[in-house]
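Side-chain atoms are counted along with the backbone in the values below, which use heavy atoms only and exclude waters and symmetry mates. A quick note: this is a predicted structure, and the numbers were derived from the prediction, not measured.
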Amino acid sequence: MPTPRLTELPDTVMRLIEKVSGPVVDVGTINAGLNSAIAAHVRTADRSLFVKGLPRDHLRVWTQKREAQISPYVRGIAPELLWHIEEDGWSILGFEYVDGGHADYTPDSPDLPAVMTTMLRLAEVPTPSVELKSMPHRLRTYVDDPTDLSWFAGNSLLHTEWNPHNVLMTGRGVLFVDWGWASTGAAWIDPALWLLWLIAHGHTPDQAESVAATHPAWELAPATGLNVFAQAQDRIWTSIAGSGDEWARPMRRAAHAWHEHRFRMP
C-alpha cells in the first residue's frame, strides 16, 4: 500500500533538518516513490540534500533504519547517507542530492547494460553484518511446499526493489536508491526480480530472461527454483494489485506472463 506523500514539510521536520544541516533556503517536493511520507529536495546554504522520512509510528518505519544500516556497505553504488534522525515522532534520512533521471527499462534501452554493470558491483558487496530479512522468510506464504523455500536461500545482499524510480542514471554512473527492503538470498534473485520490471516495460519474457542472463548468477539459477519463484511472484503481484493499487497492475500482468512462460518451457 503506497504511503500518502506530504506536500509540505512539517515544522517539526524542518527544525530537525536545520538542527543537523543548518538553515534551509529552499524545499522541493519529490513525487516519485511510494513508501515515504516525506521525500524532498532540500537546499541549505552550502549543500543539497535528498530527505525522506516516516512518522515513527508508521507500520514500515523499520525500513528507515534498514537504509541507514545498509548505507556504509553500498558506498559507490548508492547516494551517500549524511545523517539519520529519530526524534519528535519522526524518522528522517538525509542523503546527498544526486542529479539524475530514472532508468529506461524499455527494450533496446541504452540504460540496461549500465544498470547491469552496477548490479554486478552489488553482487561483489560482502554480506553486511546487519540483521536483514531473508528471501525464504519473505516468500514463505507464497509457496505450496515449504521445502521449496530452500531454492531462495543464500548469503548474497539483494536490493529486491527494482522499480525504475529506484535506479538513477547519473553523470558518475548508475546509483541504486531505496534500500529499505534489502534482503539476503540466492544471488540470482535480483536479476529475476528485475526481469519482471523489464516485462512490465515492454520486454517479452524471453527478452527479459536474456537480459537477466547477462548476470553471472543466472547460470546458477536452478530451473525448478525459477519456476517456483515465478509462481510466487505471480501470487505476490496478484495480491498487491487486488488490494486496489493501480500502479501494481502492470506488474501483475508481467508476473503472470513470466509465470506462464516458465511453465510452458520444456
Side-chain angles (χ1 to χ4, degrees), residues 1-104 111 114-115 118 121-122 125 128 130 132 159-182 245 247:
M1 182 71 68
T3 299
R5 180 69 47 81
L6 298 179
T7 57
E8 295 185 4
L9 296 187
D11 291 342
T12 300
V13 172
M14 286 286 286
R15 287 195 297 270
L16 292 175
I17 294 171
E18 292 187 332
K19 179 178 178 180
V20 291
S21 290
V24 171
V25 298
D26 187 54
V27 177
T29 300
I30 295 173
N31 295 321
L34 301 168
N35 298 319
S36 298
I38 289 172
H41 179 192
V42 175
R43 286 189 292 174
T44 65
D46 58 358
R47 74 185 316 158
S48 287
L49 309 168
F50 170 65
V51 175
K52 63 185 297 187
L54 286 169
R56 293 186 69 180
D57 60 358
H58 192 281
L59 181 65
R60 291 192 296 272
V61 71
W62 60 269
T63 61
Q64 293 277 115
K65 182 178 180 181
R66 180 64 41 76
E67 287 207 65
Q69 292 172 325
I70 286 292
S71 183
Y73 297 92
V74 293
R75 290 193 177 101
I77 61 172
E80 182 182 357
L81 177 66
L82 304 174
W83 43 258
H84 178 208
I85 303 173
E86 290 188 306
E87 292 182 29
D88 296 335
W90 284 93
S91 176
I92 309 293
L93 297 168
F95 295 89
E96 62 168 333
Y97 183 82
V98 179
D99 282 316
H102 303 302
D104 176 1
D111 291 351
V115 175
T118 304
R121 292 178 63 192
L122 168 58
V125 175
V130 173
L132 300 174
H159 184 284
T160 78
E161 294 291 298
W162 294 107
N163 186 320
H165 289 156
N166 294 334
V167 181
L168 296 181
M169 312 301 296
T170 79
R172 69 190 210 210
V174 180
L175 297 177
F176 300 150
V177 303
D178 200 352
W179 292 81
W181 287 90
D245 291 337
W247 68 271

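- No donor-acceptor pair closer than 3.5 Å links the side chain of Asn166 to the backbone N or O of Asp178.
- Nearest heavy atoms, Ser48 versus Arg43: OG-CG, 3.4 Å.
- Counting heavy atoms from C-beta on, the side chains of Leu54 and Thr63 come closer than 4.5 Å.
- The shortest heavy-atom contact between Val61 and Pro55 is CG2-O, 3.6 Å.
- The shortest distance between side-chain heavy atoms of His102 and Val167 does not fall below 4.5 Å.
- Taking CD from Gln69 and CG from Leu132, the interatomic distance works out to 7.5 Å, rounded to the nearest 0.5 Å.
- To the nearest 0.5 Å, atoms CZ (Phe176) and CG (Leu122) are separated by 6.5 Å.
- The side-chain heavy atoms of Val177 and Phe95, taken from C-beta on, include no pair separated by under 4.5 Å.
- Rounding to the nearest 0.5 angstrom, the gap separating the CG atom in Leu16 from the CG atom in Asp11 is 11.0 Å.
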For the pair Glu96 and Leu49, evaluate side chain to side chain contact (heavy atoms under 4.5 Å, CB included) and give the outcome as yes or no after the intermediate values.
CA-CA 5 Å; Glu96 62 168 333; Leu49 309 168; over 6 Å; no
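- Looking at every heavy atom in both residues, Val25 comes nearest to Ala45 through CG1-N, 4.3 Å.
- Counting only residues at least two apart or in different chains, ring-ring contact (aromatic ring centres under 6.0 Å, His included) contacts with residues 61-86 comprise Trp62-Trp181.
- Considering only heavy atoms from C-beta on, Val24 stays 4.5 Å or farther from Leu9 through its side chain.
- For the pair Pro128 and Val74, the minimum side-chain heavy-atom distance is 4.5 Å or more.
- The two atoms that bring Leu81 and Ser71 nearest to each other are CB-OG, 3.1 Å, heavy atoms only.
- Considering CG of Leu82 and OG of Ser21, their distance stands at 7.0 Å, rounded to 0.5 Å.
- Here the shortest heavy-atom pairing between Met169 and Ala114 reads CE-CB, 4.0 Å.
- Here OG1 of Thr118 is found 7.5 Å from CD1 of Ile77. Values are rounded to the nearest 0.5 Å.
- Among residue pairs with one or both ends in residues 71-95, those qualifying as salt bridge (Lys or Arg N to Asp or Glu O under 4.0 Å) are Lys19-Glu87; sequence neighbours excluded.
- Pro164 and Ala103 make their closest contact through CB-O, 3.4 Å (heavy atoms, listed as atom of the first residue, atom of the second, distance).
- Ring geometry for Tyr97 against His41 counts as parallel: the plane angle stays under 30°, on a 0 to 90° scale with 60° as the upper cut.
- Arg47 places a side-chain heavy atom less than 4.5 Å from the side chain of Thr44.
- Gln64 has its side chain within reach of Lys52: a pair of non-hydrogen atoms, C-beta onward, lies under 4.5 Å apart.
- Although no hydrogens or angles enter the test, the distance criterion places no donor-acceptor pair under 3.5 Å between the side chain of Trp162 and the main chain of His159.
- The line from CZ of Arg60 to CZ of Arg66 is 14.0 Å long, rounded to the nearest 0.5 Å.
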